[in-house]
Amino acid sequence: MKYDHNAIEAKWQQHWKENKTFEAKNPGSEGADKPKYYVLDMFPYPSGAGLHVGHPLGYIASDIYARYKRHRGFNVLHPMGYDSFGLPAEQYAIQTGQHPAITTETNIKRYREQLDKIGFSFDWSREVRTSDPDYYKWTQWIFTRLFNSWYNNDTDKAEDIETLIRKFENSGNAGVHAVCDSDTGTFTAAQWQAFTDDEKQKILLKYRLTYLAETEVNWCPALGTVLANDEIVNGVSERGGYPVIRKKMTQWSMRITAYAQRLLEGLDRVDWPQPLKDAQTNWIGRSEGAEVRFKVKGSDHEIPVFTTRPDTIFGVSFMTLAPEHELVPEITTPGQKEAVEAYIEATARRSERDRMSDVKTISGVFTGAYAEHPFTKEPVPVWIGDYVLAGYGTGAVMAVPCGDQRDYDFARHFNIPIPNIFENTDISEAAHSEKNGTVIANSGFLSGLPYEEATQKAIAQLEAIGAGKGRINYRLRDAVFSRQRYWGEPFPVYYINGLPQMIAAEHLPVRLPEVEKYLPTETGEPPLGNAGTWAWDTEKNKVVSNDLIDHKTIFPLELNTMPGWAGSSWYFNRYMDARNENVFASRDALDYWKDVDLYIGGSEHATGHLLYSRFWQKFLFDKGLLPVDEFARKLINQGMILGMSAFVYRVKGSNTFVSKNRIEDRETEPIHADVTFINASDELDIEAFKNWRPEFRDAEFILEDGKYIVGREVEKMSKSKYNVVNPDDICEQYGADTLRMYEMFLGPLDQAKPWNTAGITGVHGFLKKLWKLYHSPLEGGQGGDFYVSDESASKESLKTLHKTIKKVIEDIENFSFNTSVSSFMIAVNELTAQQCNSREVLEPLAIIISPYAPHIAEELWQKLGHKESVAFAPFPEFEEKHLVESSKEYPVSFNGKMRFKLELPLDMPKEEMEDAVMAHEKTQEQLQGRTPKKIIIVPGKIINIVG
RNA sequence: GCCUCGGUGGCGGAAUUGGUAGACGCGCCGGAUUCAAAAUCCGGUUCUUUCGGGAGUGUGGGUUCGAUUCCCACCCGAGGUACCA
């Protein structure tokens with residue numbers, strides 16, 4: 001019988017579906033007494049282009065692991081879903097008018113078909129879609145929980161806003177240690193009680209973990225929306241590459257900065273790749289130093305600065321404020337007003353990109369004001385300059401030109417003095433920023449002290465005279481949470497007097513309204529401004545027509561929607577109890593599944609999804625809603641699969657194409673040819689190429705040996721490069737089992753590697769050989785009837801089997817799937833040579849191969865007489881006894897170079913081994929009469945002769 | 001610039017705590033089977049060579065009986081980040 005992959009795979013995919021083979025068991029149902037194991041893939045955005053062979057790489061790896069864990073007796077949760085809100089469907093809606101929900105539905109259907117063909121063991125009964133109201137109901141609910149919370153630094157966790165209000169009522173905010181806006185003033189209990197409700201609400205917004213505030217945001221005019229920092233790459237939008245400008249807008253923000261320290265510390269407790277942890281660490285950007293307050297001469301203003309080098313405070317010769325700094329208009333002298341205003345305007349006009357690409361140009365203006373040095377009382381000129389960022393620290397620096405290169409360059413450019421405060425250090429060419437070994441000089445009470453001591457002493461003195469204190473600063477910014485788009489979660493928020501009100505949990509979800517067009521309104525409001533039914537009736541508790549807005553019981557609803565990362569920040573918890581209508585997941589389910597044991601996905605989510613998810617997880621943990629504060633114990637980044645582009649070479653100014661090795665000195669232009677026209681030997685199918693496009697119809701070809709050979713180059717897999725390979729085609733031609741094994745065989749999971757369809761025949765041939773092992777030989781090489789004998793296996797076959805079991809267990813546990821595939825090939829090659837057809841070997845072999853090639857394994861398992869799926873068969877135990885050897889073929893080296901081999905018993909004493917080696921004719925040949933200085937013998941390993 | 005990862009045949013890659021470099025597969029070469037092809041099977045395939053051997057894991061040093069593996073310096077490639085005070 002021939003190995004008919006199409007029939008076998010269709011059969012078992014159907015079987016798994018009908019028998020709900022891979023549905024995970026929740027507490028209370030049969031099977032939940034097993035230990036749990038949660039294997040998760042980063043869920044995809046269902047794009048219109050469908051999947052190419054690069055996408056399922058991580059899914060295949062996680063599926064192998066999930067299947068392996070089932071064989072090992074675990075109750076495995078291995079779900080899949082869709083991150084289905086997002087820009088592409090909306091952009092398509094803008095162009096065509098088709099509702100994004102329809103586009104999304106179509107794309108999901110296509111994704112599902114493609115995924116099903118690969119034979120994944122997903123539990124589809126738990127599928128989630130972020131755009132499904134039954135799902136985003138809980139995203140909205142979490143948002144309201146954040147709104148109703150503040151961060152208490154005393155208890156170091158999020159607490160209910162009610163506890164904050166109690167504190168305000170009892171003692172004002174002086175004794176409250178909370179994470180809040182920097183411009184929050186102080187008030188007493190009496191003052192608090194005297195505030196109006198609106199005033200109270202405004203103050204509380206400064207403390208809430210999600211808050212509405214006017215902030216400087218990244219505005220992308222082309223997309224018509226604001227973007228978070230992680231959505232901007234090199235100063236342009238990640239999606240589309242459009243310019244981004246800075247703009248002040250009232251937006252929802254997430255107070256993620258409250259969790260900066262815990263997000264940093266939590267990294268020590270998770271098994272994640274080091275580069276990913278480093279990326280998060282850098283993004284959070286913790287730096288220790290001091291806040292120093294400089295009095296402005298002749299005014300009541302103080303300018304706080306943040307510095308990591310308080311030890312260099314006597315080196316201050318000027319200060320620089322960000323042009324946007326709020327004190328700039330206040331302190332600028334009349335004489336400098338014009339110059340300062342012109343400079344501010346000029347910087348505001350510059351885009352983020354300009355500012356970034358142009359780091360070399362030094363610019364700035366003197367404000368005319370002077371600050372007072374806290375220790376020397378000397379006047380310090382105050383400048384503004386765009387090398388100081390408004391968003392970092394306090395938006396102002398104390399400039400120490402001798403110790404900081406940027407300050408140095410600025411001082412040089414504007415002829416500001418550069419006092420030297422370091423012992424024995426030359427600063428005539430550049431600033432001295434080295435800390436280690438540096439001794440401070442010319443610095444009053446700090447003179448003669450090394451860096452560490454000077455830092456401590458400076459902070460102590462600043463605190464003593466009330467001019468500053470030690471401070472830890474983070475680069476991490478609060479995350480903007482509003483998007484001026486249609487296809488996202490609506491906020492469960494309406495406005496009374498411009499102040500946000502939450503819609504109660506029992507009235508959620510607030511469903512996305514229908515709109516006529518998906519563009520911003522003529523007055524510049526977000527697309528939801530086009531909705532006619534978008535007002536909240538506080539009596540009926542439902543969305544009603546805008547015409548009814550009376551600002552008494554019926555109020556306008558929020559027009560922004562949530563960003564893409566809202567729904568993806570907690571979905572892993574929803575999978576634990578995906579169909580629950582009463583809670584986001586039941587306590588039982590949460591306590592049982594707890595966290596993700598293995599998460600596989602791309603490293604591009606390091607500072608976005610993976611940071612926001614950790615933040616929400618910690619918040620929900622603080623509120624007692626989750627049992628653990630890190631959601632994924634182990635995380636693996638899969639590498640990208642790259643495309644192998646093919647190039648044909650057109651002779652310039654002609655329609656003649658020349659084969660790669662005959663270009664010689666012709667001037668040619670390389671043109672991408674579709675990789676489907678290329679065979680395993682890099683030959684072009686000329687007819688197919690000619691029919692590809694009309695312009696190639698009459699093309700002429702200069703061949704080599706009668707063939708056209710293309711050039712090949714590794715590039716990202718993309719439609720525009722004509723190097724996309726579709727997994728459906730591979731499944732059709734070779735089968736899903738071949739695709740799965742080949743993707744693993746390509747190389748280590750975490751590394752980028754090129755796809756080359758040519759190599760797949762090796763893996764496909766292996767599966768055919770495996771099939772034949774279970775069938776009697778037949779002329780024609782196809783394999784006859786199923787034939788497995790009950791006679792006991794040979795010693796060699798058992799050795800082959802157990803060697804393979806050992807290797808495969810080690811490989812899977814180390815996520816080294818590529819080497820397992822090699823081991824299977826070796827095993828099948830050996831068993832074929834041994835003519836093994838013993839059930840004793842072939843039955844365990846079917847099990848160990850089933851995580852990789854589940855369809856063929858199921859088929860063979862059934863033919864072996866089993867009624868139940870192979871998916872839950874216990875993984876074979878490795879038995880050392882089959883691998884025990886009595887002798888070893890020792891490599892004999894001379895000065896470390898292997899020269900010949902010698903078979904010796906393993907239990908031979910060292911002395912006898914030495915005699916045996918020395919007596920060997922080749923030893924004498926190698927030595928040519930010399931006497932060896934030393935003979936190294938490592939029993940069971942090597943023999944090395946020195947001399 | 002800084003951080004991280006990587007560099008091994010024509011190609012993808014393998015090599016346990018330092019112990020036979022190039023497993024396994026592709027491609028290529030030769031052969032069997034076939035009218036022919038597909039499929040299948042067998043042998044060879046790092047380079048070099050005077051066929052004894054010699055060299056060889058980005059480069060140069062070091063540690064060691066022995067280094068792809070450990071240490072130092074450098075070169076190249078990929079990714080992240082960037083006026084962060």
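What's counted below: heavy atoms across the whole structure, side chains too, no hydrogens, waters or symmetry copies. Fair warning: this is a prediction, and the values are worked out from it, not measured in the lab.
Of the candidate nucleotides B/C65, B/A85, B/U4, B/C65 has the atom nearest to the side chain of A/Lys934. The side chain of A/Ile826 lies closest to B/C24 when the candidates are B/C83, B/C24, B/G19. Considering only the side chain of A/Ile942, B/G19 comes nearest among B/G19, B/A85, B/G12. Of the candidates B/G12, B/A14, B/A85, B/G12 carries the atom nearest the A/Phe745 side chain, counting heavy atoms from C-beta on. Side-chain proximity of A/Lys941 to B/U40, B/G19, B/G6: nearest is B/G19.
If you check every strand for non-hydrogen atoms under 4.0 Å, A/Ser287 touches sugar and phosphate atoms only. No engagement by A/Asn473 is indicated, since no non-hydrogen atom pair under 4.0 Å with the nucleic acid exists. Heavy atoms of A/Pro748 sit under 4.0 angstrom from primed sugar atoms or phosphate atoms, though from no base atom.
An anti base is found at B/G31: its glycosidic angle is more than 90° from 0. Nucleotide B/G52 carries a syn base; the chi torsion (O4'-C1'-N9-C4 or O4'-C1'-N1-C2) is within 90° of 0.
The nearest whole Å value for the distance from the CG atom in A/Leu767 to the C1' atom in B/C24 is 14 Å. Atom pair A/Arg899:CZ and B/C65:P shows a separation of 19 Å (rounding to whole Å applied). Going from atom CG of A/Leu749 over to atom C1' of B/G12 covers 15 Å, rounded to whole Å. Summarising the geometry, the separation between CZ on A/Arg406 and C1' on B/A82 is reported as 11 Å, rounded to the nearest angstrom.
Taking the six-membered ring for Trp and the full ring otherwise, A/Tyr742 and A/Trp755 have centroids separated by under 6.0 Å.
The number of heavy-atom neighbours closer than 6.0 Å to CE of A/Met640, taken from other residues, nucleotides and ligands shown, is 12 or below.
Under the Watson-Crick or G-U wobble criterion, with both distances below 3.5 Å, B/A78 is paired with B/U4.
In this pair, A/Phe414 and A/Phe410 present their aromatic rings tilted. The plane angle is within the 30 to 60° band. Using cut-offs of 30° and 60° on the angle between ring planes, the pair A/His764 and A/Tyr3 is tilted.
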Assess whether side-chain hydrogen bond (donor to acceptor under 3.5 Å, both in side chains) is satisfied between A/Asp278 and A/Gln274, documenting all intermediate values. CA-CA 6 Å; A/Asp278 290 342; A/Gln274 197 56 43; 3.0 Å; yes
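The side chain of A/Asn829 contributes an N or O atom lying less than 4.0 Å from OP1 or OP2 of B/G25.
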